[in-house]
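Before any comments, here is the structure.
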Amino acid sequence: MNQIIDKSKLRALQWSVMENVSASAILPLMRIGDELGLFTALAEAGPCSSQAFADAAGIDERYAREWLHALCAAGYCSHDDDFTAFYLSAEQQAVFADEDSKALMIGAFDILVGNVHGIDAITEAFKTGDGVNYGDFHACVFKGTARFFKPSYKSNLLEKWMPKIPAATEKLEAGGRLCDVGCGKGLSTLLLAEHYPKASFVGIDIHEPSIDEANEEADQAGLSDRLCYDAADAESYGGDYDIITFFDCLHDMGDPLGAAKYARSRLREGGMVILIEPSAADHPSDNMSVIGQMYYSFSTMGCVPTSKSQKVGLALGAQAGPQRLSDIMLEAGFKDTEVVFKNASNMVISCTT
Ligand SMILES: C[S@@+](CC[C@H](N)C(=O)[O-])C[C@H]1O[C@@H](n2cnc3c(N)ncnc32)[C@H](O)[C@@H]1O
């Protein structure tokens, strides 16, 4: 390895590292800000001095000021010319302070903090090749997964994804039955149940605490008569369905082919599967992007260890690509697969029988 260093390539690499280090350095500040309600406090109190902000949030002024300056440097917070007044712009409020906003992104930092907590277990798994059970991840991972992907479900599921699959919307409008496999805390199932009042819905997931929370949400929404959640594995749930969905979870499963075959066996005549997966191309060379960096990293810390902890342990990874996913569905006995929607973050694949 006697290579000559190209100075301009070295500088470019160092700058790229610097950008990533800077982005990573703000991670604990985001988590602390979220935990202490600093974003909502600033949204309500601003424009205000660091002292007024600290008073409103009930925190120490010196910490408040340093936090504000760090966030201003990141462009996550706004300020006047001489840094005496701080506030969140409308866009910053939508991204950090409004839990119901379709632009909310604060949940990403929950996932990242959860992944940092997982370092010891995943380091060990790197050496042994074993997996780590999804349920053994830090609680921030579960909270963050639901929260980070919530805006995407709210913006896309009913307005952009379902209209691309007319056969599915017809079934649900007529009063069909849908099972949402690997539903996590169940937001996707809840949104569908709210939108299609004649249909009935089941969400299943191996993670019992998520299922308990999902059932509470269904109760609160007054939907329990036709929406329920059960703790079950992708190859052990009961019932027969017109539609079975796998939203951002098939690649997390140890045996996606087994899960797809089982889903096939649970479908009524003319039934279908809808897959939503992280957007990816088939070849790694086409996934070398900001989004690819994020998904391969999430996958290393979450998807691969989860899959390896289960039977078969195929470990597809979050960037498996449409061809590999399609091959699995065809091998499981589906007649046809089609990518009906794709944007920078997600792709939707419909699989017919
Ligand atoms: C990335 S999360 C996605 C959750 C949810 N569908 C969403 O989009 O927010 C993956 C989910 O798959 C679930 N999962 C993993 N393996 C499973 C299996 N074999 N059977 C059922 N659920 C499984 C996990 O418990 C987790 O809730």
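Counting convention: from 1, in listed order, for ligands and their atoms alike.
- Under the 4.0 angstrom criterion for non-hydrogen atoms, Tyr134 is in contact with ligand 1.
- Using cut-offs of 30° and 60° on the angle between ring planes, the pair His207 and Tyr134 is perpendicular.
- Looking at atom 1 (C) of ligand 1, its nearest protein heavy atom turns out to be Asp248 O, 3.3 Å.
- Distances below 4.0 Å separate heavy atoms of Asp233 from the following atoms of ligand 1: 18 (C), 19 (N), 20 (N).
- Leu172 has its side chain within reach of Ile243: a pair of non-hydrogen atoms, C-beta onward, lies under 4.5 Å apart.
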**Asked** Stepwise, does the salt bridge (Lys or Arg N to Asp or Glu O under 4.0 Å) test hold for Glu99 with Lys150?
**Response** CA-CA 10 Å; Glu99 204 61 38; Lys150 176 171 73 169; 3.6 Å; yes
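- Remark: among candidates Val141, Thr189, Thr145, Asp205, the nearest residue to atom 11 (C) of ligand 1 is Asp205, based on non-hydrogen atoms.
- At a cut-off of 3.5 Å, with distance as the only test, no side-chain donor of Ser326 or Gln323 sits close to an acceptor on the other residue.
- Checked against a 3.5 angstrom limit, the closest N/O atoms of Ala232 and ligand 1 fall outside it.
- Considering each of Phe148, Tyr153, Tyr237, the one bringing a non-hydrogen atom nearest atom 8 (O) of ligand 1 is Tyr153.
- Heavy atoms of Phe246 stay at 4.0 angstrom or farther from ligand 1.
- In the displayed structure, Asp82 atom CG is contacted under 6.0 Å by more than 12 heavy atoms of other residues, nucleotides or ligands.
- Taking the charged nitrogens against the carboxylate oxygens, Arg177 and Asp240 have no contact shorter than 4.0 Å, which rules out a salt bridge.
- Residues Ser50 and Glu61 have side chains that bring a donor and an acceptor to within less than 3.5 angstrom of each other.
- Open room surrounds CD on Glu208; 12 or fewer heavy atoms of other groups in view lie less than 6.0 Å from it.
- Annotation for ligand 1: atoms under 4.0 Å from non-hydrogen atoms of Cys183 are 5 (C), 6 (N).
- Atom 4 (C) of ligand 1 has Gly182 O, 3.4 Å as its closest protein atom, hydrogens excluded (heavy atom only).
- Distances below 4.0 Å separate heavy atoms of Cys249 from the following atoms of ligand 1: 10 (C), 11 (C), 12 (O).
- Using a 4.0 Å cutoff on heavy atoms, Ser210 does not count as a contact of ligand 1.
- The shortest N or O to N or O distance between Ala146 and ligand 1 is not below 3.5 Å.
- At a 4.0 Å heavy-atom cut-off, ligand 1 does not touch Lys185 at all.
- Note: no N/O pair closer than 3.5 Å links Ile204 and ligand 1 by distance alone.
- Contact between Asp252 and ligand 1 is present, with at least one heavy atom of the residue lying under 4.0 Å from the ligand.
- The protein atom (non-hydrogen) at minimum distance from atom 23 (C) of ligand 1 is Ile206 CG1, 3.5 Å.
- Within the 4.5 Å cutoff, the side chain of Tyr229 has heavy atoms near those of the Leu190 side chain.
- Looking only at atom types and distance, the side chain of Asp180 has a donor-acceptor partner in the side chain of Thr245 under 3.5 Å away.
- Of the protein's non-hydrogen atoms, Gln310 OE1, 3.0 Å is the one closest to atom 19 (N) of ligand 1.
- Closest protein heavy atom to atom 21 (C) of ligand 1: Ala234 N, 3.6 Å.
- Checked by atom type, the side-chain pair Asp205/Ser210 shows no donor-acceptor distance below 3.5 Å.
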